[in-house]
Amino acid sequence: MSEDLNFVQRARREKLDALVAQGVSPFAYSFDRTHTTVDALRLHPADQHEEGDTVRVAGRIVAWRAHGKTTFAHLADDSGRIQLYFRRDQLGDATYAKLDMFDIGDVIGVGGPLFRTRTGEVTVRAVDVELLAKSLRPLPFGKEEVVDGVTVRHSGFADAEQRYRQRYADLAVHPEVRLLFRARSTMIRALRGSLDELGYLEVETPVLQPVYGGATARPFMTHHNALDTTLYLRIADELYLKRLVVGGLDRVYEIGHDFRNEGIDRTHNPEFTMLEFYEAYADYSVMMTRVENLVVCAAAAVGAVWAPPEIEGAVEHGSGGVPQLRPPFPRIQWVQSLNDALGADAMGLGDEALRNAARQIGVQKVETLSRPKVLDEMFQALVESKLHDPTFVVDYPVELSPLAKPKRGDPTLTERFELFARGKELANAFSELNDPIDQRRRFEAQARLRAAGDEEASGVDEDYLRAMEYGMPPMGGVGIGIDRLFMYLTNTPNIRDVILFPILRPE
RNA sequence: GACCCGGUAGCUCAGCUGGUAGAGCAACGGACUUUUAAUCCGUAGGUCGCGGGUUCGAGACCCGCCCGGGUCACCA
């Protein structure tokens, strides 16, 4: 293996050996730090020019400027970075000589008083220095300069594939990427807080399921050895959460991963994060208010901690910042908006006329699609893709919504809505079907499709029907794609940039 | 899946109509006690994605393949 090391790695191994030979342990157990770099900087007031408090800071060496008997460096931690100043007369010959064994990327701890350099930068005058972890592989740090107050980054880490594969290196080198993922966590925490405040209970339901359902998608399959049975990774949480409402947990939610064995592109990762929540005695109009409030709350949370990076050469996440949301969001009827866009009564068209209309607006392979699918495609092309600001689309045709209740007063429609923004679906919700007899019919229709070769169709979930037969309260349910919501709020076009470890082809 | 762009040093990239591999940063040696893309002098570092072909000669041209990015399609 050592023959594979490049010359940079070999040089670092040699330094490691030299340190060990001098009795320095290159991988420490702990370091007693008193301040983060940003806290240390704040400790030293702008008007203070004499030496200040003593601090102990720890982090990664990100820049190194040796000048013979004196050395400047920058140390970065999660909060930011601070300059270090080493002097031979301060540290002594032996300690100062050890600095030669340090490299950019090493994790070190430094103690000493704060002072302000000639150029005004708050700096730690190192009195003691300790190696905490030797970096044996060079991190692709770029160099930074400040031009007219704007940080400009030179020759950094640009290879998108390597940034995803080695997210640890991407994060180590790009503070703006750390900030983005912190904002994602902040958003999820805010969503949890909102639901908790409404009396929702956070629960965990099975990822491994004997029967999959709750959405239309091809599943991942696996096998349990002891039971000698096929299990599926869930494609949705829905049916288990609704079982819990049967059990008397009136308001439940779950934030977790769903798995869909389908294509990978800039808006699809096979494993993605879904928030689903169900509320007994609420219908879809109540849930619309809930979604609106949650999205506004998510936007506020993200906006409070995140803005597009102002570093030239930074990893890009679109522009414009977090959108300003002005609830209530517009609500448009599915049928009406399709008819308006088409200039005809889509639902009233005969099969051939409908297919011709679909072809004309550019729907591909119309002849292979079922009638509901054709309608859905037309709606996507004519309406969805043009919804830029958050908009609720309400009252979907019954053919498109196998788990929703029929609309009161119009059985051709269902009480369902989806929320769209920037042409992408952010949420999907309905007044949940709670009639077990109707549900069995719909399951059986799915099972027939499956028998006919439709891999996306699920089977009959007898246990779920049993739960429903005990009596399922009316309820509203919502699914929100967390990755998509965060992409929308940060204007990030690629889902891989909001997932820490996106799926890639194995190396 | 279709089309477009790309794969050259650890990183970011250049390499013209084919002539035998370049820069900056990082690394290594040296000088330097307030620098900040530090500076200066020197050194080393390459299976040019892989496999064929054309040619006296291929990083470059041709064919095939692999990998990545983008666009479109599919996957609500």
Side-chain angles (χ1 to χ4, degrees), chain A residues 4-12 14-15 62-74 81-91 96 100 103-105 115-121 123 125 135-147 151-166 169 173 215-218 235 260-270 312-313 362-365 368-370 372-381 384-385 393 396 400-402 416 418 420 424-425 428 455-456 479 481 484 493-494 496 504-507:
Chain A
D4 294 342
L5 298 181
N6 66 46
F7 59 98
V8 180
Q9 290 170 306
R10 275 200 301 272
R12 293 193 173 197
E14 282 161 17
K15 290 179 186 175
V62 296
W64 191 261
R65 298 177 293 281
H67 303 74
K69 298 181 187 65
T70 185
T71 296
F72 285 93
H74 271 94
R81 50 194 273 168
I82 194 166
Q83 184 167 251
L84 307 177
Y85 181 46
F86 303 94
R87 295 170 59 109
R88 191 165 79 174
D89 56 10
Q90 174 100 57
L91 288 166
Y96 193 80
D100 282 343
D103 287 295
I104 288 177
F115 74 106
R116 202 174 287 278
T117 62
R118 197 178 284 164
T119 56
E121 180 165 354
T123 300
R125 185 195 309 277
S135 168
L136 296 176
R137 185 183 288 271
L139 277 164
F141 278 109
K143 292 205 166 193
E144 292 181 357
E145 67 173 328
V146 178
V147 180
T151 300
V152 178
R153 195 176 281 162
H154 299 273
S155 67
F157 186 29
D159 185 311
E161 181 187 0
Q162 295 310 320
R163 287 187 41 236
Y164 299 137
R165 278 196 198 284
Q166 301 185 39
V173 162
T216 313
R218 291 164 65 188
I235 59 172
R260 297 188 182 173
N261 203 341
E262 288 168 351
I264 300 171
D265 64 24
R266 67 201 172 290
T267 58
H268 295 84
N269 195 61
E312 198 175 302
V363 176
Q364 307 282 310
K365 294 187 233 163
T368 68
L369 304 175
S370 62
K373 192 80 190 156
V374 172
L375 286 164
D376 192 33
E377 290 289 332
M378 292 174 74
F379 188 81
Q380 276 184 40
E384 276 182 25
S385 59
V393 174
Y396 280 62
L400 295 178
S401 308
R416 174 185 181 190
E418 293 195 319
F420 290 92
K424 295 281 186 292
E425 176 193 337
N428 180 21
E455 287 182 81
E456 292 192 349
R484 297 266 182 97
N494 195 324
R496 285 176 168 173
L504 300 170
R505 191 179 297 274
E507 279 185 276

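A, B, ... follow the sequence lines: proteins, then strands. Residue 1 opens every chain.
By the 4.5 Å heavy-atom criterion applied to side chains, A:Tyr85 and A:Gln90 are not counted as neighbours. Using a 4.5 Å heavy-atom cutoff, the side chains of A:Phe72 and A:Thr117 are in contact. The shortest side-chain heavy-atom distance between A:Leu504 and A:Arg496 falls under the 4.5 Å cut-off.
Checking B:A76, B:U33, B:A38 against every side-chain atom of A:Arg416, the shortest atom distance belongs to B:A76. Minimum atom distance to the side chain of A:Val8 is reached by B:G10, of the listed B:G10, B:A38, B:U33. Of the candidates B:A44, B:G70, B:U35, the closest approach to any side-chain atom of A:Asn494 belongs to B:G70. The side chain of A:Phe72 approaches B:U35 more closely than any other nucleotide in the set B:U35, B:C75, B:A37. The A:Glu425 side chain lies nearest to B:A76 when the options are B:U12, B:A76, B:G69. Checking B:A37, B:A76, B:C32 against every side-chain atom of A:Glu262, the shortest atom distance belongs to B:A76. Comparing B:A76, B:U34, B:U35 against the side chain of A:Phe115 picks out B:U34 as the nearest. Distance from the side chain of A:Lys143 is smallest to B:A37 among B:A37, B:U35, B:A73. When the nucleotides B:U35, B:U34, B:A37 are ranked by their closest atom to the side chain of A:Arg125, B:U34 comes out on top. The side chain of A:Phe7 lies closest to B:A27 when the candidates are B:U12, B:A76, B:A27.
When the C1' atom is compared between B:G6 and B:U20, the two are found 25 Å apart, to the nearest whole Å. Spacing between B:U8 and B:G15 at atom P, rounded to whole Å, works out to 14 Å. Taking atom C1' in both B:A37 and B:C75, the straight-line distance is 46 Å, to the nearest Å. Spacing of P atoms, B:U35 relative to B:U39, comes out at 13 Å, to the nearest Å. Only the P atoms considered, B:A14 is 16 Å distant from B:G24, to the nearest whole Å. Between B:A21 and B:A9, the two C1' atoms lie 10 Å apart (nearest whole Å). A distance of about 45 Å separates the C1' atoms of B:C66 and B:G30, rounded to the whole Å. Taking atom P in both B:C48 and B:U43, the straight-line distance is 25 Å, to the nearest Å.
Atom CZ of A:Arg116 and atom P of B:U35 are 16 Å apart (whole Å). Here B:U43 presents its P atom at 20 Å from CZ of A:Arg10, a figure rounded to the nearest Å. Remark: C1' of B:A76 and CZ of A:Arg260 are 9 Å apart, rounded to the nearest angstrom. Atom CD in A:Gln9 sits about 13 Å away from atom P in B:C28, given to the nearest Å. Here B:G10 presents its C1' atom at 10 Å from CZ of A:Arg137, a figure rounded to the nearest Å. Going from atom NE2 of A:His268 over to atom P of B:G1 covers 17 Å, rounded to whole Å. The interatomic distance linking A:Lys69 (NZ) with B:U35 (P) rounds to 16 Å, in whole Å. The distance between atom CG of A:Leu139 and atom C1' of B:A26, rounded to the nearest whole Å, is 12 Å.
Using a 4.0 Å heavy-atom criterion, one finds that A:Thr123 contacts no nucleic acid atom at all. At the heavy-atom level, A:Ala73 lies nowhere under 4.0 Å from the strands shown. If you check every strand for non-hydrogen atoms under 4.0 Å, A:Tyr85 touches a base. Counting any heavy atom pair closer than 4.0 Å across all strands shown, A:Gly156 reaches sugar-phosphate atoms only and no base atom. Heavy atoms of A:Ala11 sit under 4.0 angstrom from primed sugar atoms or phosphate atoms, though from no base atom. Among the protein residues, A:Lys424 comes within range of no part of the nucleic acid, since none of its heavy atoms lies under 4.0 Å from any strand. A:Ile104 comes within 4.0 angstrom of no nucleic acid atom, judged by non-hydrogen atoms across all strands. Using a 4.0 Å heavy-atom cutoff across all strands shown, A:Glu384 reaches no nucleic acid atom at all.
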Practice task
Show your working on ring-ring contact (aromatic ring centres under 6.0 Å, His included) between A:Phe86 and A:Trp64 and close with a plain yes or no.
Solution key: CA-CA 11 Å; A:Phe86 303 94; A:Trp64 191 261; 5.7 Å; yes

Exercise for the section: Applying side chain to side chain contact (heavy atoms under 4.5 Å, CB included), run through A:Lys15 and A:Asp100 and close with a yes or a no. Expected result: CA-CA 9 Å; A:Lys15 290 179 186 175; A:Asp100 282 343; over 6 Å; no

Exercise for the section: List the steps, then state whether side chain to side chain donor-acceptor pair (under 3.5 Å) holds for A:Glu144 with A:His74. Expected result: CA-CA 11 Å; A:Glu144 292 181 357; A:His74 271 94; over 6 Å; no

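The distance from the CZ atom of A:Arg116 to the CZ atom of A:Arg118 is 15.5 Å, given to the nearest 0.5 Å. Distance check, rounded to the nearest 0.5 Å: NZ of A:Lys143 to CD1 of A:Ile104 gives 6.5 Å. Of the inter-residue distances, the one linking A:Gln83 atom CD with A:Arg65 atom CZ reads 5.0 Å to the nearest 0.5 angstrom.
Remark: the A:Asp159 side chain and the B:C11 base include no donor-acceptor N/O pair separated by less than 3.5 Å. A donor-acceptor contact under 3.5 Å is not formed by the side chain of A:His154 with the base of B:C25. Judged by distance alone with a 3.5 Å cut-off, no donor-acceptor contact links the side chain of A:Glu121 to the base of B:U35. On a pure distance criterion of 3.5 Å, no polar donor-acceptor pair joins the side chain of A:Arg118 and the base of B:U34.
At the phosphate of B:U35, neither OP1 nor OP2 sits under 4.0 Å from any side-chain N or O atom of A:Arg65. Here A:Arg505 reaches the OP1 or OP2 of B:G68: one of its side-chain N or O atoms lies under 4.0 Å away. Contact annotation: A:Arg266 reaches the phosphate of B:C72 (side-chain N/O to OP1 or OP2, under 4.0 Å).
A:Glu384 and A:Gln380 share no side-chain donor-acceptor pair at under 3.5 Å.
The nucleotide B:C3 finds its pairing partner in B:G70, both defining distances of the Watson-Crick or G-U wobble pair being shorter than 3.5 Å. Nucleotide B:U34 forms no Watson-Crick or G-U wobble pair with any nucleotide shown, as no partner meets the under 3.5 Å limit on both distances. As the counterpart of B:A21, no nucleotide is assigned, since no Watson-Crick or G-U wobble pattern has both distances under 3.5 Å. Nucleotide B:C65 forms a Watson-Crick or G-U wobble pair with B:G49, both donor-acceptor distances falling under 3.5 Å. A 3.5 Å limit on both hydrogen-bonding distances identifies no Watson-Crick or G-U partner for B:A44.
Between A:Arg87 and A:Asp100, it is A:Asp100 whose nearest contact on RNA chain B lies nearer the 5' terminus. Mapped onto RNA chain B by nearest heavy atom, A:Gly68 and A:Thr117 fall at different nucleotides, with A:Gly68 at the one closer to the 5' end.
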